[in-house]
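Worth knowing before you read on, the calculation uses all heavy atoms, side chains too, and leaves out hydrogens, waters and symmetry mates.
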Amino acid sequence: MKENCWSKTLLGVYNYLETIAGAIDKITLKTALNSFHFSKIIYEKNNVLSISNRLIDLSERKVTLINLKIIIENALMSMKKNDALILIARYVNRKKIGQIAEKQNVSNRTIFRKISIAEEKFYNAVVKQGFDGLRLKNMLKEEHWIINYYNGLVSKKIGEDFVLSPSSLDRVVAL
């Protein structure tokens, strides 16, 4: 069950990884450009050490998101074409089950079964890269939005069609 949740989590957040990495770039640029402003009142937040540490943290966060994107893409590329296409249609392109079933000329139930099997194969492909559930959790421990998505799937509070809203992405990037 938890393996299936990791598959759904990774595939579900895939579309947002590039957006958030871009937002981190903007925050990094803004922080660096505004670092020359100095105030004795808030010295703890705007001294050179604090700003440098913040820039390093932002860079590490972006590296984590880029690595996650590469892990997902490598897992999809290592799978059989039909399994990967079903997952891409469902999670990346956000197609409904009926649309996928119609395109493949099969029943909705068959698509549900194929998606479930493909999710297991996807997780196995991720594990072959050396990223089991524990390692993923450790890698993503600072990305609370991804961990919350995963925990929601585990506790069945969030369904497969969970979508992050653009307004929540603003809060995701803010530190």
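For the atom pair CD1 (Ile24) and CG (Asp57), the distance works out to 11.0 Å, reported to the nearest 0.5 Å. Atom CD1 of Ile97 and atom CD1 of Ile111 lie 7.0 Å apart (nearest 0.5 Å). A distance of 6.5 Å separates CD1 in Ile27 from CZ in Arg54, rounded to the nearest 0.5 Å. Atom CG of Asn82 is separated from atom CG of Leu87 by 11.0 Å, given to the nearest 0.5 angstrom. From Leu85, atom CG reaches atom NZ of Lys80 across 13.5 Å, with rounding to the nearest 0.5 Å. Atom OG of Ser7 is separated from atom CD of Glu120 by 8.0 Å, given to the nearest 0.5 angstrom.
Using a 4.0 Å cut-off between charged nitrogen and carboxylate oxygen, Glu142 and Arg61 do not count as a salt-bridge pair.
In this structure, the side chain to side chain contact (heavy atoms under 4.5 Å, CB included) partners of Ala21, at least two apart in sequence or on a different chain, are Lys62. Applying the salt bridge (charged side-chain N to carboxylate O under 4.0 Å, His left out) test to Lys121 and every residue at least two apart in sequence or in another chain returns Asp83. In this structure Ala75 satisfies the side chain to side chain contact (heavy atoms under 4.5 Å, CB included) test together with Phe122, Ala125, Val126, Gln129, sequence neighbours excluded. Listed by chain and residue number, nothing satisfies the side chain to side chain donor-acceptor pair (under 3.5 Å) test with Ser52 (two or more places apart in sequence, or in another chain).
Clustering ILVMFWY residues whenever any of their side-chain heavy atoms sit less than 4.5 angstrom apart, transitively, puts Tyr149 in the very cluster that holds Trp145. Note: the hydrophobic cluster containing Val92 also contains Val13 (ILVMFWY, side chain heavy atoms under 4.5 Å, direct or indirect links). Hydrophobic clustering places Met79 together with Tyr14 (ILVMFWY residues linked when any side-chain heavy atoms are closer than 4.5 Å, directly or through intermediates). Connection of Leu10 to Ile147 is established within a shared hydrophobic cluster, with ILVMFWY side chains joined at heavy-atom distances below 4.5 Å, either directly or through further cluster members.
Cluster partners of Ile56, using a side-chain heavy-atom cutoff of under 4.5 Å among ILVMFWY residues and allowing indirect links: none.
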Identify every side-chain donor-acceptor pair in residues 64-71 under 3.5 Å, counting partners at least two apart or on other chains, and give the distances.
from: Thr64; atom 1: OG1; to: Glu60; atom 2: O; distance (Å): 3.0
from: Asn67; atom 1: ND2; to: Val63; atom 2: O; distance (Å): 3.4
from: Lys69; atom 1: NZ; to: Glu18; atom 2: OE1; distance (Å): 3.2
from: Lys69; atom 1: NZ; to: Glu73; atom 2: OE2; distance (Å): 3.4

Without placing hydrogens or testing angles, list every side-chain donor-acceptor pair under 3.5 Å for residues 132-139, not counting sequence neighbours.
from: Asp132; atom 1: OD1; to: Arg135; atom 2: N; distance (Å): 3.1
from: Arg135; atom 1: NH1; to: Gly130; atom 2: O; distance (Å): 2.8

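Residues Asp25 and Leu29 have side chains not in contact (no heavy-atom distance under 4.5 Å, counting atoms from C-beta outward). Considering only heavy atoms from C-beta on, Glu119 comes within 4.5 Å of Tyr91 through its side chain.
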Fill in: Residues Leu11, Leu76; criterion side-chain contact (heavy atoms from CB on, under 4.5 Å); working and verdict
CA-CA 10 Å; Leu11 293 165; Leu76 287 170; 4.3 Å; yes
**Message:** Using the rule given for side-chain hydrogen bond (donor to acceptor under 3.5 Å, both in side chains), can you reason through Ser107 versus Thr110, listing the C-alpha separation, both sets of side-chain angles and the distance that settles it, and then say yes or no?
**Reply:** CA-CA 5 Å; Ser107 69; Thr110 302; 2.9 Å; yes
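Listed here is the closest heavy atom pair of Gln104 and Ile86: NE2-CG1, 3.5 Å.
The backbone N or O of Lys96 sits less than 3.5 Å from a side-chain atom of Gln99, completing a donor-acceptor pair. Remark: the backbone N or O of Phe112 is not paired with any side-chain donor or acceptor of Ser116 at under 3.5 angstrom.
Ring-plane geometry between Trp6 and Tyr150 is classed as parallel, the angle between the planes falling under 30 degrees on a 0 to 90 degree scale with a further cut at 60.
For Glu102, the CD atom sits in a loose shell: 12 or fewer heavy atoms of surrounding residues, nucleotides or ligands are nearer than 6.0 Å.
Pairs of residues two or more places apart, or lying in two chains, never qualify as salt bridge (charged side-chain N to carboxylate O under 4.0 Å, His left out) while including a residue from residues 103-117.
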